[in-house]
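Have a look at the structure that comes next, please.
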Amino acid sequence: STSQTPPATTKMAGKKKIAIMTSGGDSPGMNGVVRACVRMAIHMGCEAYCVYEGYEGLVRGGNLIRRMQWLDVRGWLSEGGTLIGTARCMAFFERAGRLAAAKNLVAEGIDALIICGGDGSLTGADRFRAEWPSLIQELEDTGVYTALQLQPYRHLNIVGLVGSIDNDLSGTDATIGCYSALARVCYAVDLIEATASSHSRAFVVEVMGRHCGWLALMAGVATGADFIFIPEKPREDNWREEMCGVVEHHRKLGRRKTIVIIAEGALDREGNKITSEMVKDLLADKKGLGLDTRITTLGHVQRGGTAVAYDRMLATLQGVEAVKAVLEATPETPTCVITINENKIVRKGLIEAVQETKMVAKAIENQDFDRAMGLRDTEFSEQYRSFMMTTAVQVNQKMQVPEKDRMKIGFINVGAPAGGMNAAVRAGVAYCLSRGHEPIAIYNGFAGFARHHGDSPLGAVRPFDWLEVDGWASKGGSEIGTNRELPNESGMETIADLIELYKFDALFLIGGFEAFHAVSQLRKAREQFPSLCIPITLLPATISNNVPGTEYSLGSDTCLNELVEYCDKIKQSASATRRRVFVIETQGGRSGYVATLGGLGVGATAVYTPEEGVSLEMLAADVRHLKKVFGQDQGQSRAGRLILINEKASKVYNARLIAEILREEAHGRFESREGIPGHMQQGGVPSPMDRCRAVRLAIRCIQHLEQFGRNVHNKVKNDPMSATVIGIKGASVVFTPVAKVEEEETDWPNRRPKTEFWLGMKDIGDILAGRPKYVPQE
Ligand code: ATP
C-alpha cells in the first residue's frame, strides 16, 4: 500500500539524479567507471547515486541505493573488482523483480541509470527499458504512486557501458576489463613458457570465454602460441591431425616448448565440446607426439587485480561519455551503449549491440561459423588471420606468391627501443616467409647499416633465422638493435649504394619520430639516388606516441602500464604520512601524451605538458588547490597525491624544483617528494596490446609493400603511397603518404603531430581530479 512506500522525492527542476551500477561478472576498470560517472555527474550539476550489488540492489532498494559525493570515489582508479559490488540476480529475470526496481528508482527520484556490465546485464537493461512504461503504469494502477507523482518518470533514461573480461559484446573493439584480463593471461603464459622450454614440455592453457574466443585468440597472437581453439571458428574436422601436424612441424624446427590455448567454450564443427583433457591426451599420446603435457586452467586469476592503463582510460572516457549521453538524451533518443572502435569512442544503439551479440551465440549454436566470425568486429577476424599467418609458417604452401613476385625486404629499427618492436619483426618475418619473400635484418639502424662493412662490430645485414625470431613474440627491447642516426647523418649515398648492393625491393621501418624523419629523408633523396625508389613503409613504435600520421605507436601502451604501476606504488607509499604529494617526471619528448594518459590512469591532481607549458601562476593555482584538498581530506583515503610533469614541459620548472616549491608554499600543511621513473617507462615485457597490434600492423605493412612488386622504380617514384606511415586514426587503420604527413601533419620543431587527438583528455583528467580550470592571465 501507498503508506508503506517511501514518497517519491520532489524533483528539483533541471537537476538530474543519475544512478550508476555494475552488474554481471566483475571486471577491472569498473571502479574507474563509477569514479568517472560520479564525478562527471557532480561536475555537471547533477546528483550521483550508486546502486550496490547490481540488479539485486535495484530490486531491494533501501540502503543499497546511495547518494555519492566527490570524495567517496577517491583512489578508485587503482582498485580491482567493483567496490559497489555486483551480483547475479534471479529476481530481475521476473517482472515482479523489475517492478520492485522501478518502484525503488521512483522512490529515490532517480531519472537516469548507467549500467556497466556484460551482455547479460545489458540484455536485462534493455528489457527493463522496454518494459518501463508498463511498469510505471502498474505502479499507478495498483495505487503505489499517483499519476502526478509518476509524471516525471514516464521515461527511463538508460545508458550502457560494457564491462566484461571476455570482450563478448558486438559493436565494440574492446570492453572495459578485457585488456586487463588479457594481461593476466599473457603474464601466465609467459611464465609457463619458461618452464615449458626448460623441460621441453607441452602446456594446454585454458582461458575464459564461453561464447567468445577473444581472450584465447589474442593470447595466442601475443604469445605466439602453437595452436588455439575458439568457439567462433572451430578447426576443420581433422583438427586432431592438424594440431599434431603444426606442433610436430614446430618441434622439427627446433622449438622446445608447445603452447596450446583453448577457450572454455571451444567446439568442433559438429558443436561438440573440445576439452583441455582431449587436447592433452592427443599431445601426450605415446603413439604420436608423446609430449610431456600439462594442463593449466587459469580460472579466476583472469579477473583479478587492478586495471591496466588502457582499461582505466577506457573506463574514464566512457564513463564521462555516458554522463554526457544521459544529459543529452530526450525521450525520443534511442537507448545507447558506449563503445570504442579502434581509437574512437562512439555511441551505438544498445538494442542492436545486444541483438548482434545474441546472434553470435545463435550462429555458433547453428554451426554457422562464418556468420559467427562475421558478426565479431573486423579486428577479431583480422587477428585470427594474423594468428594463422604467423604460426605454422611454411606449412602453408598455399600462400606463396609466384617466384617472379618474391621480394627481398629489409627490416630496420630506428630510434629508441619500444615494446612490440620484436613482435612486429617476428610477424613481418613470418608473413614474408609464408609468402615466399626474403626478409633481411639490418642491424642497429642506419648507423649499423652504413658501417657494418669491414671489421666494424656495429651492424650486420643477414637473413632472419626463423627459429630465433619465433621466440620474439613477447620480448622487450629490439633484438635487431636500433639506432637514432638518420640516413643523412650516416651518409645518404652510402645507404643508397647499400640498398642497391643488397638488391632490396622494399624497406620496412619500425620506430619513432626519427624513423619517420628517416623515411622523409629517403623519400626526398629519391630524385638523386634512384636505388631509393623502392616502396618504404613505417610502423610507428615509440613510447612517446609522438609520430605524426598515427594516434597510436607501438610501445606507448607498455609505457603507460609501467607508469601507472609505478604511480600506484608511489601513491601507496604515502599511506604512513598521508599528506604527501609526489611530483613524477614522465618521458614523452615534447609530447604530453604519456603524462596526460598516465595522469588520467592514476587520477593525478595536475599534469604539466609541453603543449601547455608551466607558469608561476599555474603553480600558484595548484598550490592553492592542494591546500584546499588536503584541508578537506577527512582520511577517506590514505594514499598520497600525484602531479605528473613531462620531462620537457618547462626549461626551468622540473620535478625537483616543483616539489621544492610545493614544500615551501605548503607551510607544513603537506609535504612533497619528486620521483623519476626514467627508462623504466620503456617497460620490460611488452603489453599484450602492443604485441597484438604489432602483429596486425606489421602484416598490413608487408602486405602494403608487396602490392608494389619488384623492379618498379618508375612507378614508385611517382606514387605517394610508396613512402607511407601506417596509423590508427580515429576508427580506422590507414596508410598515409609520408609526403602528406610531413607537409600537413607534422610540427617539426616540436617533433610531434600538429594536432594531437588526446588534448581533450587533458581537460577530462583535470575535471575528474577536481583541478580548477586554469585560465592564463595574459
Ligand atoms: P559477464 O559477461 O561477465 O558474465 P553479464 O552481464 O553477461 O557479465 P550475467 O550473469 O549474464 O552477466 O547477467 C547479470 C545479471 O543481469 C543477471 O544476474 C540478471 O540479474 C540480469 N539479466 C541478465 N539477463 C537478463 C534478462 N534477459 N532479463 C532480465 N535480467 C537479466
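Read the numbers this way: they start at 1 and go in the same order the structure lists the ligands and their atoms. Atoms considered below: every heavy atom in the structure, side chains included; atoms not considered: hydrogens, waters and symmetry mates.
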(message) Just verifying a value: how many Å separate M68 CE and D72 CG, rounded to the nearest 0.5 Å?
(response)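 Those atoms lie 5.0 Å apart.
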
(message) I need the nearest protein heavy-atom contact for atom 6 (O) of ligand 1: residue, atom name and distance, please.
(response)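 Atom 6 (O) of ligand 1 sits closest to the protein heavy atom S121 OG, 2.4 Å.
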
(message) Regarding K103 and E138, does a basic nitrogen lie under 4.0 Å from an acidic carboxylate oxygen?
(response)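 Salt bridge absent between K103 and E138.
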
(message) If you take the nearest heavy atom of each of M208, R127, M90, which one is closest to atom 27 (N) of ligand 1?
(response)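 Nearest heavy atom to atom 27 (N) of ligand 1 lies in R127.
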
(request) Show which atoms of ligand 1 fall inside a sub-4.0 Å distance from at least one heavy-atom site of G124. (result)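 Ligand 1 atoms under the 4.0 Å threshold to G124: 25 (C), 26 (C), 28 (N), 29 (C), 30 (N), 31 (C).
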
(request) Decide, yes or no, whether a salt bridge links E108 with K17 under the criterion of side-chain N to carboxylate O below 4.0 Å. (result)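 Salt bridge between E108 and K17, a charged N being under 4.0 Å from a carboxylate O: no.
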
(request) Examine C89 against ligand 1 and note whether any of their N/O atoms are separated by less than 3.5 Å. (result)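 In this structure, C89 places an N or O atom under 3.5 Å from an N or O of ligand 1.
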
(message) Using ring centroids (six-membered ring only for Trp), state whether W239 and F227 fall under 6.0 Å.
(response)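 No - the distance between ring centres of F227 and W239 does not fall below the 6.0 Å cut-off.
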
(message) Does ligand 1 come near enough to L122 that some N or O of the ligand is less than 3.5 Å from an N or O of the residue?
(response)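 No, no N or O pair falls under 3.5 Å.
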
(message) I want to know if ligand 1 touches R88 in the polar sense, i.e. an N/O pair below 3.5 angstrom.
(response)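 Min N/O separation from ligand 1 is below 3.5 Å for R88.
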
(request) Report the part of Y55 (side chain from C-beta onward, or backbone N, CA, C, O) that has a heavy atom under 4.0 Å from ligand 1; answer both or neither where that applies. (result)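 It is the side chain that touches ligand 1; the backbone stays farther off.
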
(request) Indicate the ring-plane relationship of Y55 and F92, choosing parallel, tilted or perpendicular according to the 30° and 60° boundaries. (result)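 Judged by the thresholds at 30° and 60°, the geometry between Y55 and F92 is parallel.
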
(request) Examine R98 against ligand 1 and note whether any of their N/O atoms are separated by less than 3.5 Å. (result)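 Between R98 and ligand 1, no N or O pair is found under 3.5 Å apart.
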
(message) If I apply the N/O under 3.5 Å rule, does G118 come out as touching ligand 1?
(response)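 By distance alone, the answer is yes.
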
(message) Evaluate A87 for polar contact with ligand 1, using N/O atom pairs at a separation under 3.5 Å.
(response)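 No - when backbone and side-chain N and O of A87 are compared with those of ligand 1, no distance drops under 3.5 Å.
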
(request) Please could you name the atoms of ligand 1 that G25 approaches to less than 4.0 Å, counting only its heavy atoms? (result)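 Under 4.0 Å from G25, ligand 1 has these atoms: 1 (P), 3 (O), 8 (O).
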
(message) Using a plain distance cutoff, I'd like to know if T123 has any nitrogen or oxygen under 3.5 Å from a nitrogen or oxygen of ligand 1.
(response)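 So ligand 1 has no N or O lying under 3.5 Å from an N or O of T123.
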
(request) For atom 25 (C) of ligand 1, find the nearest protein heavy atom and state the residue, atom name and distance (0.1 Å precision). (result)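 Answer, as residue, atom name and distance: F93 CE2, 3.4 Å.
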
(request) Could you tell me the separation between the CD atom of E342 and the CD atom of E551, rounded to the nearest 0.5 Å? (result)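 Here the interatomic distance stands at 10.0 Å.
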
